[in-house]
Structures are given as structure tokens and as C-alpha cells.
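Working notes, structure below.
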Amino acid sequence: FLATQLHVGGQNLITVIEARQLVGLNMDPVVCVEVGEEKKYTSMKESTNCPYYNEYFVFDFHVPPDVMFDKIIKLSVSERAGIALSSELLRVHFTHHQFYHKWAILSDPEDLTAGLKGYLKCDIAVVGKGDNIKTPHKANETEEDDIEGNLLLPDGVPPERQWARFYIKIYRAEGLPRMNTSIMANVKKALIGENKDLVDPYVQVAFAGQKGKTSVQKSSYEPLWNEQIIFTEMFPPLCKRIKIQIRDSDKVNDVAIGTHFIDLRKISNEGDKGYLPTFGPAWVNMYGSTRNYTLMDEHQELNEGLGEGVSFRARLLMSLAVEILDTTNPEINSSTEVQVEQATPVADVRKMEEFFLFGAFLEATMIDRKIGDKPINFEVTIGNYGNQIDGMTKPVLRRKKEGGDGDEEESELLHNSSEDEADEDGEMVSVSSSQPMKPLVTDRNYFHLPYLEKKPCIYIKSWWQDQRRRLYNGNIMDKIADKLVSVLGREGAGAPFSLALSTSRDGAPIASLGSLYQGLTILITTDFFLIFTLNLLFGSLWFCSQPQHTIPDIFIWMMSNNKRIAYARVPSKDILYSIVDEEMGKDCAKVKTVFLKLPGKRGFGPAGWTVQAKMEIYLWLGLNKQRKDFLSGLPCGFEEKKTTRGQNLPSFPPISLLYTKKQVFQLRAHMYQARSLFAADSSGLSDPFARVFFTSQSQCTEVLNETLCPTWDQLLVFDNVELYGEAHEMRDDPPIIVIEIYDQDTVGKADFMGRTFAKPVVKMSDEQYCPPRFPPQLEYYQIYRGNSTAGDLLAAFELLQVPILFWGLRDLKRVNLAQVDRPRVDIEWPIPTLNELLHPPLNIRVVDCRAFGRYTLVGSHTVSSLRKFIYRPPDKKAQHWNMTEKEKKKKKKKGGGGGGGGEEIEEEEPDESMLDWWSKYFASIETMKEVGVEQRSRGIGWNRTQLPPLEAEFDNFEDWLHTFNLLRGKIGDNDDNATEEERIVGRFKGSMCVYKVPLPDDITKEAGYDPTFGMFQGIPSNDPINVLVRVYIVRATDLHPADINGKADPYIAIKLGKTDIKDKENYISKQLNPVFGKSFDIEATFPMESMLTVAVYDWDLVGTDDLIGETKIDLENRYYSKHRATCGVSQTYSIHGYNIWRDPMKPSQILSKLCKEGKVDGPHFGPGGRVKVANRVYTGPTEIEDENGTYEHLALTVLRHWEDVPRAGCKLVPEHVETRPLLNPDKPGIEQGRLEMWVDMFPMDMPAPGPAIDISPRKPKKYELRVIVWNTDEVVLEDDDYFTGEKSSDIFVRGWLKGQQEDKQDTDVHYHSLTGEGNFNWRYIFPFDYLMAEEKIVISKKESMFSWDETEYKIPARLTLQVWDADHFSADDFLGAIELDLNRFPRGAKTSKQCSLEMVTNEAELPMVSIFKQKRVKGWWPFVARDENDELEGKVEAELHLLTAEEAEKSPAGLARNEPDPLEKPNRPDTSFIWFLNPLKSIKYLICTRYKWLIIKIVLALLLLIMVALFLYSMPGYMVKKLLGA
């Protein structure tokens, strides 16, 4: 990812636009935006799965970029009840620090098995000082609606991501420092003999916004955990860095011992043969503050991973593995909570090797005198080896036992190997520090140590796993990169690559790296290697940085009085020895210049600019068994001084080197000049002198008062410079020279201004002092002050005459409380040589001539390079040129894209009476929908609107008149460029031209040549001129919130000279994207009143209004520019209508004037729509001719191509709207929003211009949407019948227009639907205000009862229809919904059977209609429930009818089924009723419909039974009577 360096301070800008496809039933979503610990919420939207917010949030931060980029942006969508629905994690580290109109995938962190939960559309940007936010314009709305194609994912991250588990295994740590006070420990030891380690460590791992930690190991310098921390996160993760920290557990406050970051991109590969992030098991080294324990550690932030560690703290054995989860497996734990488990112990797989580190101190100079004159010594450490002050107690040596197997290998030694520790065979003792030596004075700032011919040495034995191969690979890649940079440098392209390629490390197999190095050496002379090698290297360099180093870095500490003062850190791979040259470290066995610096924060700012010590040091690191060549790279001519124990052992290292060969030199420093130096005095100037250091000597130049470009022209001679070694070594690699620039103060010590380095050209006694090497050529040397540049040490020049045009001075501020009344401009330029490449700086000084002959300096400016002012004759090759109508047609065809033919365009040509200025505006920014893309520029008459600030487009309008800021005051010491604004006391305007005399012929032979003006022919008069300035303010975007509610009440304030306009009455309530649409006319006098300030203020009911931001425009440069920035040239010429010509001069008049001023032949108008200017013929449209018979359209064609005219031609400013950043002096360098505007200027002595164009905001048009709900079908049956158990639903339909939920309307209820069919014949009426161009409904309402006035909202035009099941004794049940975007919604199905779920899920493949074009639409649409899976919940037959307010008034209609134009009552089945309100009807229904035949059967059966019973009852009597004959 590309990451620009942000300053400490900036903003996170987040716009939440809308959400789509949220999973949930009838939810009321609210979005929570969380950056780090800070949270902000959007408003709540009711009853929708597609809420539209368009809310803007600003999060200010005041922390370093490293801290900021580790923060997590969390976007979560929640229900009103506060239950989190879903969230998206995103690390603030992405391409260009910006996402624009991207869709974030929402997922539920509590349930891994669930799919995506919806999408959230948002803009995210992180800006620091000086950063610009780019706003790419989409061709149309459908591109942004393509969710899958615009996902919020960094480059290279696939949209389909899986859940994965990240296993971070923590095994053990070694070499931990003491973290507690030893007072109580000593008491315990004295009383009970208990001796405990003074640290209670645990490991904390942070990843993707979550933290996990191991158990605490009490009192252990070598803790053993064997635990694993498990994170569950999407893969590939958006968070690219894992933070691993060893911490000390404390009852009051846990503190960090050391921090290490693992970049997942460096331990994984996404290619065809890629692999998941894999690390270790391996040791990681942790660095931080010094190891001595103090209650308040001033360098504690180093232990937190901020800044460069100054000491070894500990090392940790760990591993990392990733496992992709199968979420379909029911046994998978679906929680994303961090888990901690036990892990299997691991043994070191690498063999322990004995390493040998040797160092020799050849020189120690430039030691800061603040240290004092107490004896100084130097200590070298690698890990804890060599650390004598705050290392651990006497360790036990642990190595692989001889003859043992791998299982018997013990943990390695990390602790102090001091002078009393002997090797196991008594052969060698480590010596890690030099003997203390009292320093001698070099000058008033620095000491040096008088090593002379006796150079002290150190040597340390240490034991590490043999991981040299990894470091060797990194060294090979370093050398490949260096070779590539050197070749690109020869071709002039090396500088941009040097920084990027310096990151090259190992990572590829050694065979391929070695062959690549050899192959690169062969290919170096060919051209095609550039493509081949660049592709190869840039494709692999990212993975070449070796994250598993094993061998710690080397620290060199300067000690005084047993205290650590300053340090240098040397990577171990840079000094690692190998028998193969390509594998050897770049500084191994070489004399290296090292500058020591103060640790931590003390090493930054003014205190850190002073060199603490400059050392010439020789280092060698390798296996102990390879140490026979460890002295091979030292300067020759020395004798070894060894300890008594090693006198007769050849391989025993020396404790000092005694040089017997000495060379004597004389150094001559030709100090000629410096330029663009640092302003160290309050006057804005300095009193500079240079101090030159070489070995242990120093000399100064003279002090030159009040200048930033001193010309010393001095020769400094250093006699008797003694250098040790062979003569040929001195010639090839001499010591460096240090040059420091100081500002001399009358009181106190000189102030440091900058530093640079140089290497002398060496001449030996047997060489001739003759060309080409002697005398040496003067060169540029860049001067540095901290990390920023602070000028140059200068060189040779060319003899050129410098005529200066004095135009004037502007905006001069008071000096010593007095007005500047009589300014004088002084120009200082030393006589140059004829070398065009090395021009000396030019000084512009403005002084005020006051009474009694006094002169007071007002301000000064240094033009560091005059190269751009060199006159270069024009190219005389002028080709005849003819632009014909055919070529124009070709261009039009090419520009037309893939649209339809010309006939279609004719048919869709917009009605002229319907268009206004805003039609042009929206067409140009490609958001207007009334007309097609293809014919926008033709039909509307405007190609381009949103230019950046015109100064950026037209080079600040400095085509001949240049502006130089006059500075006064001391530059701040905080490396903040914004302080220059505070130092500006005025502006010098003028021009300059550097040319050889005599003047060139093409100037002197021109007609009207005036020798008094030299090269400046045709310069306009500088007399005061009255100008009408017309300022158009269109709108502001992304304003910084100024009120506590996260909004602002902006209004415009304009200041030009004495005119101050505040449009306070017309403030716009609670808007961060206000549309002003205003123009202001101001009369001004140039050049006195030429700085236009347009500010946006926040209106406050109580107290003073707050400045949101302002922009300043220099109108004078625009007015006098050849680009004619007074009034933009339109695309077309119209004398009436919205596209009327604004300039009082017609195109033909402008063309004639330009030809006359540029001394160009023409214009000559001819028949057939042809015009000739100079030697070029332009052909224009012949069918268009003006009413008065002139050829204005033809002249306009020439003006639009004026840059093609030879010599006099230049691009003319087109009709435009420029987008200018708004800045606030209290927040320098950070945009507070943007303002879209433009400025027209008309001279008052010319014909008056017409009235200002009306750009007032469009008033929304009133519409009425009538929605008739006819029927529903297949609605889900939700209820069970109490008596019969049948499924049924009491159906009603609810509808509203988006954003007007309070105006929702319900149909009546269709009770007891048994089939899901419902009959309604019910009409909704929704009146609304609509902006056609923006496709937005406009709503004005008060946010709350306490709001002072109404706030205007713009929301999409979306109709929502919902189907519900009515319940009388509980809340109604939501069943499903359909949401229709009135501009783009699927055409309704003709029948219920043809209506399906695909009308919602596959919208892209269906024909879409717009109610604003169709006016009336009828059909069937599906009701959908957005849940885990979209389900069809029913269908609705509806009719949508759109009318304007006038049409609605002419043909009124009633709500529901009321008059006028009533609807028929629906023909519902008899079963549609409420049972408890109609008990008789219910009984009738139960009896008549359900149990009719059953009752009949029962009655018949009863009758039959009665008959049988009566028969049986009467039969005996009847039979007796018969028998008896009665």
C-alpha cells in the first residue's frame, strides 16, 4: 500500500451514505462509527432494510501516524434496541488513505456460520496536513449500485473471504530486564534467603481490534508459557499487522517490556504457489529503552513500539499459523472471542553456534561538550552480551553438550559475558568496552578523544542459532538493489528508486538469488534488463524483508561516568561475514562513519540536531571458527597489542592497534557560498558562518550579517592533518568532512542552522596538480536540519545580465508598529559565471525609508534557482495547420462513446425552456439524469465544470508576473512548514529574465520594440484601474462540523480591500454540504485591492460566529495573465437564455485584441465558415450564423484553440467552476471542506457587463404520488383459527415515501384471509417536493422541539410498501416489504403468477422504469422478508400515478375510497369479518360453512334414531293388541 507520511495531527473523514440488503424484519437501523475509542452515531431510520443516511463524521487525531494506522475503524449497524446486527473491521491503512463510495460487507462477529448481513456504502479518508482528498466522479448511478464491483476492500483482497483462525503460539522468552525495585527483594534475601527475579512477565497479542494474553509467570527472567492465543477473523484480514508485546504484571499499572510487529504480508504469498501466513517457531528480538530500571522511564514509549529502540530488551520464541475454517461443520465454535489454550512445547531446531564480534575504534570526534570533561568510553553489545552496566547477573553457559543428541540441547545464553568470564579452554575473554579516556577540546562546541596511533578494540563471544542463511539472502538482495539504483542513477532515474529499493531483504531461495545477482551483472549493460529486473524486483522485494532475524542488532553506547549518553544501532546482517562476497554484509570488515544520537524523544527536535559523537569504527561479525580474517579490512600498517594471555596465540584478538604508518596531509576547504539558509533571527534573516570539521580539527569562516545567501569566498587551510594507514587507501576512501552552518548571535551561543557532508578529492605527493582532477570543481551539497532540508552549499556560476522588472509590493504589514510608507526594493545577486547549471541565488530585500536616513528591513525573499527564468528562444518550426469540420466530426464520434446514432440524440434533445444554469452544472459533473451522457456537452453547452483551483491548472498565472512572499521572523523548530504563513509580511510582484547580451534578433527586430524594456515588451500599464469583481458561490462540500450536534450553520463572508460582505441573514441551517447559489458584485481598485478572501462561517445564536475555513485568491495575477482569467471562454455563443455570453466583449472582439497584442496576423474571415489566424486556417460550423451577420461562433472556435497559435498562443481559461480547499489558520494544512465558485472581472472603463447569471438554488418541484393498492395474493398465513385450527391472516398494507415514515398510511384490514388473497381498492396520497436533477426528495423539518429553525434534508425517492398481519391483543406482525426507487424500479408483472422473488434479487437483469417518465405504472410486485435467506412473503397489485401539483389540483382524488374520484368497495368473501365483534355471524359461518353437512347428517341420524326408538317402544304394545285382537 502507498502511504504518505502524515504529520502528528490530522482527521478521519467518514461519510455513511446508505445501507442495502440488511438482514432483519422491519428493523429500525442506526449506524455506529467507531475509530479507536471514539464513537459517533447516525440518526435512526424507521422500518427499513435499506436506510439512507448521507451523514458526515469527522474524527480529529493528534497522535503519530504509527499510532493512528494501528487504530481500527469499526462500522456497525444496530437495531434501535441496541443489539448489534453486524460489523465490519478495517485497519486505517489503505491506498492513498481513501475509499470513495465503496460498499462495506457486514457480517455478524458473534456467529461465524451466518452469511453476510448486508452492505454499507460509505466514504472513508484519512488526511494530514497538506493532503488533498480526491473525488472521482462516476459516469452514472448504476456503476455505484454495482455492489460487488465496488466493495470496500483494499487492493488485492478478494470479495469472497472466509473465516479463519490465527494461532499465535508463545513458547518462552529470555533476557528480560529487571522491572521492579530491588529494595524489598534485598530485604527478603537477607531475612529468608529468598532470591527472586524482579519481573512478572506475560505476553499480550493485539490483532484486528482484539487482544489476547497469556498467563503471568511470576518472578522469572526466563519465563516458560507454552500457550497459544487464537483469533478468529476473516481471511485475508483487512488488518495487516499483529502486535506482540511482553508486559510486566503489576498491581498498579502493567507496563510494556518490549514490542514486536509481524506484517502478515511478509510471511504469506497469495500467488499460484502461495501459502497462508506462516511464522516460526522462531525467536523475535525486542528493543526499547535502556535496561536499567527506573520508576518513571522517560523512554517508555520505545517499549510500546513507538520510535527506534535504543537497547535490547528481550527475545521471544513464538510461531504463527493460520487455519481456514469450514463454517458448515456444526462442531465449529461460531464465536469470534479470543481463546487461550495450552500449546505443545517446542525444542530449538537450529544448532547453536559460537559467534565472534570484533570492533576497533579508529576515531572519536565531535563529542558534544555538554557531556562534560569526565572520562569517556564506548561499550558494544549484541543481545545482552557485552552489557556490563544493566545486564543480568552471572549466567550459566548453556550450549549443546558434546556428544549429546538434539534432545539434550539446552536453552541458549543471552546474559552478560563480562571480562571475568573465561572461555571453557581458558583461551579468550570478551572485552566489550574501551578504556575510559579524558576528552580534549576541539572547539567551543565539541571534544575529541586523542586516540592518535593507538586505536582501542573490543571483542565479544556470543551464542545464537545458526540462521545466517536468512541474513545472507537479505545481503544479496541489498546488493542487487544497490546495483540497480546505480544503473538507474546513470540514466537519471536512480533517485526515486533508491529509497524504495533500499528495503530489499531476503525471502527467495539462495540458488535463485545468487543466479539473479550474477545475471544482473551481465545484463547491466543492456536495455531490456530495466523492464525485466524492475518487474522481478518490485514483484518480490516486498517479501524479501526477513522477519525471522534471530541474531540481534549491535548497539554502540557512549558512556560517561558510568551513564549511557548516546548510541548508534547497527543491523547485525550489515556486518555479517561470509566467504562469498555477495553474501557478506555491506559494512563487514570496513571502516564506517557512525554518528551517535540521543535516545528516544531527546534525539528529535533542536536537541537532537547536535551530533553527540562522530566515530570511525571497524566491525566484524561471524562464526568464531571463521575469525582468522577478522582484521583483513583494517587500514594497513598496525601492530596488534594483546592481553598477556593471548600474546603467543596468532588468532587471539587484540585489545588495541598500534599504527606505525602515518601520512601527513593539508586540507584546503574552498568555502564559496551558501543559499536558501534557515532564517534564525526575528528579522527573517541570519548571520551565518560555517564551521568545517576534519578528523580532530575544525575551522570557521567569517560571519556575514543579515543574509540567507552568504558569499564567503574563503579558503580554509588545515595543516598537519595526520591520517593512519597506507597512502593508496587514503586516496581511494578518505575520511568525510563535516560542515556545520551556524547563526552568530551577539548574546549567547551561536544557533545551529544545518549540516552537510563531503569527501575531499585526494592528491598524493607523486601526482601532478593538473586537470581533470585539479583544481576541484565546486559542487552543491544539500544542507540538512534534522530531517528537513535547510539550503545548499553552493558552487560555480555563469556570467549573465539580470534585468529586473519592478511591478509592485502588496499587503505590507506594519514593522515596529509603524506603517510602511516609502518601501524600497534591493536586489542582491553575485556576479555569476557562464555555467548555466549552477546559478547563484537572488535576494529580494524590501526596506522602508524612514526619517533621518533610517532604513528598516520589512522582509526578504530568496530565489534559490533562476533556471526557470532563463530565456529560451521559441521553436521556429511553424507548421501550417488546418482544422476542418470533418476532423471535428471524427472527434465527436470518438467522444460519443457507445451511444446511439444521431437520430436518437435529436429526439432526446432537451427542451431549451426547461434548462437553466444548474442543467449545465449537473450535466458537466455527470450527475444529471434528464439528458443522456452522449449529448450533454452538445445540448447543454458545457464540457467541464469542476476544475481544481485555477492557480494549480495555470501555474499560478505566473506566465509573466511572479509573486514572491516576503518573509520576516525566525523559522519555528517543529519542522512544520505551515509556520511560513505566519512569517509572511507582504508580497513582491515582478518578473525577471536571464538572457545573454546582446538581445536576440527575434526581439529587437519586432515592430514597436522599446530598448528600455529589454525582454519585457508589451507589458501592460501599472496604473490603478477600477474593476467590477463578480464572485459566484455555488456550494460547499464536506464542511468541518462546527456545532456539538456534528453539523454547522454555514454562511458566506467575502472580503476584498475595504469591502466586507457577510451574508449572515442567509445562513443555511444544519448543513455540511450547503448549496448557496449566490453572486456578489464588488468594485475594487487594482493593484491596491487585489486579494480576495472568501470565508465560510458557522452562524451561532449566542456568541461570535466561528470560522470554518477560508480561501484566498490573488485577483491581480489573474487579471494581468495572458491566459485571460477575467471571464472564462464559453463552449458556445448565445445572446439569450441560460447560456448567455457573459463577457462584455464579443468573441470576435476578443480575438482581434489578442491578435493585436500578440502581433499575430489576423483574423481574416473568409467564405464557407473559414478564418485565418497567423498561418493557420480554422473551419467552423457554417450553418450557424449570428443575427447581425458576424462570425462570432467562428471566432469562438479560434479562442478555444488559441494555444495552437504559434508564439503568441496560450491556453485561455474556459468557462468553469473551480473547487477550492477551505483552510483554517488554527488547523494549518488540513482541509476544512471545499468551496465551488468562480470569479469574473470586468474593467470599469469598458462597456458594462450584463446582469449576473442566476445561479440561485433550484426550488424543488411539487409532486403528488397516488398509490392504489388493489389486491394481495399468496400472503403468508400467520394465525391459527381458535376453533378450527385453520391458517389465516388479517392482512393490511402499509406504505410511505422514504424519509416520511411519520406520514405512513394503512389500508383497512382484510380479515380472515384463508388463501393469502386480500382485496383493498385503497388509495394512498403522498405529496412531496422533488429535485429532478439530483433525484432527491427535499424535506424541511425541525430536528427537535428545541431547534431554532428547520433543517433541509435531501433523500432518495423511494416508495415502501409493507404487508402486515393485524392482531388485536398484541403487536401487529410484520410479514414482508417491497422498496421501489421511483427513478429505477422493476416493471410490475402483469399477473400474480408472473410475479416472483427474482424481481427483487435479479434487478440488474430486468427492465427498469422511472415513474417520472412513465407517470402511471400498474402491476404485481413481491413482498420480501430480508432474513438469512430472502423469502417471498406475498404479492401486491398496485398502481402508481405521479402528478405535478398543478395536475393534482385539476383532477383531485380522495384518500382511501373517499370522494372525489372514489374507488369501489372491494368484493371480499363473506368470511372476512372479526369474530368477537360479530358472534352471530361467527356462529353462522361455523355452522354454514364448516359443519353444515355434519349437522344435517347428525340431525338425520337423530331422527332415524328417534324413529327406531319409538318403533321399539311402541312395537310390543302394538303386537299385544294385535294378538289379543283389541
Side-chain angles (χ1 to χ4, degrees), residues 1 3 34-37 65-76 87-94 104-105 107-110 112 153-154 156-157 161-171 173 201-215 225 227-247 254 256-270 275-282 284 286 303-306 316-325 332-341 343 545 547-548:
F1 294 117
E34 186 176 350
V35 179
E37 307 298 323
D66 284 346
V67 178
M68 183 60 225
F69 286 151
D70 268 336
K71 289 188 182 296
I72 298 293
I73 292 180
K74 184 177 181 181
L75 307 169
S76 47
S87 65
E88 169 75 8
L89 293 180
L90 173 71
R91 183 166 179 256
V92 193
H93 199 175
F94 38 85
I105 300 173
S107 55
D108 190 347
E110 302 301 322
L112 306 188
L153 292 170
V157 176
R161 297 195 296 150
Q162 299 170 282
W163 285 102
R165 284 202 178 131
F166 293 75
Y167 297 90
I168 292 97
K169 297 183 180 181
I170 307 297
Y171 299 108
Y202 66 92
V203 177
Q204 178 177 284
V205 182
F207 177 57
Q210 293 183 299
K211 292 180 180 178
K213 59 183 182 179
T214 65
S215 59
W225 286 288
E227 297 177 17
Q228 66 179 1
I229 300 171
I230 305 173
F231 293 89
T232 306
E233 176 59 30
M234 299 288 279
F235 187 86
L238 299 185
C239 199
K240 299 299 181 185
R241 219 163 59 148
I242 298 179
K243 181 180 181 181
I244 296 150
Q245 203 169 62
I246 303 179
R247 299 180 68 86
D254 293 0
I257 296 174
T259 304
H260 183 76
F261 295 96
I262 294 181
D263 194 325
L264 295 179
R265 292 166 293 180
K266 294 182 180 179
I267 59 173
S268 62
N269 190 353
E270 60 184 18
Y275 50 89
L276 296 173
T278 307
F279 183 90
V284 294
M286 296 189 177
N303 299 331
E304 299 282 354
L306 302 176
L316 180 70
L317 183 61
M318 59 161 291
S319 68
L320 182 148
V322 176
E323 175 193 6
I324 302 296
L325 294 183
I332 291 289
N333 184 354
S334 64
S335 173
T336 58
E337 293 294 320
V338 180
Q339 304 169 49
V340 181
E341 301 174 353
S545 179
Q548 300 177 194

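We count residues from 1, following the sequence as given.
Although no hydrogens or angles enter the test, the distance criterion places no donor-acceptor pair under 3.5 Å between the side chain of Trp163 and the main chain of Thr232.
In this structure the side chain of Arg165 never reaches within 4.5 angstrom of the side chain of Phe231, judged on heavy atoms. Looking only at side-chain heavy atoms (C-beta outward), His260 and Leu316 stay at 4.5 Å or farther from each other. At least one side-chain heavy atom of Val284 sits less than 4.5 Å from a side-chain heavy atom of Met318. With contacts defined as side-chain heavy-atom distances shorter than 4.5 Å, the pair Tyr171/Ser319 qualifies.
For the atom pair Leu75 CG and Glu34 CD, the distance stands at 9.5 Å (nearest 0.5 Å). Distance check: Ile230 CD1 to Glu341 CD gives 3.5 Å after rounding to the nearest 0.5 Å. Here CD1 of Ile244 is found 7.0 Å from CZ of Phe279. Values are rounded to the nearest 0.5 Å. Distance check, rounded to the nearest 0.5 Å: CG of Leu238 to CD of Glu233 gives 7.0 Å. From Ile262, atom CD1 reaches atom CD1 of Ile267 across 5.5 Å, with rounding to the nearest 0.5 Å. Note: Ser268 OG to Asp263 CG = 8.5 Å, rounded to the nearest 0.5 Å.
Nearest heavy atom pair, residue Ser215 against residue Tyr202, reads O-CB, 3.3 Å. The nearest pair of heavy atoms linking Pro201 to Ile246 is CB-CG2, 4.2 Å. Taking both residues in full, the closest heavy atoms of Phe207 and Pro237 are given as CZ-CB, 3.8 Å, listed atom of the first, atom of the second, then distance. Of all non-hydrogen atoms in Ile229 and Gly212, the two that sit nearest each other are CD1-O, 3.6 Å. Closest approach of Ile324 and Ala164 over heavy atoms only: CD1-CB, 3.8 Å.
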Taking it one step at a time, do Leu264 and Val322 satisfy side chain to side chain contact (heavy atoms under 4.5 Å, CB included)?
-> CA-CA 11 Å; Leu264 295 179; Val322 176; 6.0 Å; no
Start with the C-alpha gap between Thr259 and Lys243, add the side-chain angles, then the distance that decides, and say whether side chain to side chain contact (heavy atoms under 4.5 Å, CB included) holds.
-> CA-CA 7 Å; Thr259 304; Lys243 181 180 181 181; 3.9 Å; yes
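Between the side chains of Glu304 and Gln245, a donor-acceptor pair is found at a separation under 3.5 Å.
Exactly one residue among Arg247, Glu227, Gln228 makes a side chain to side chain contact (heavy atoms under 4.5 Å, CB included) with Thr214. That residue is Glu227.
In this pair, Phe235 and Phe166 present their aromatic rings tilted. The plane angle is within the 30 to 60° band.
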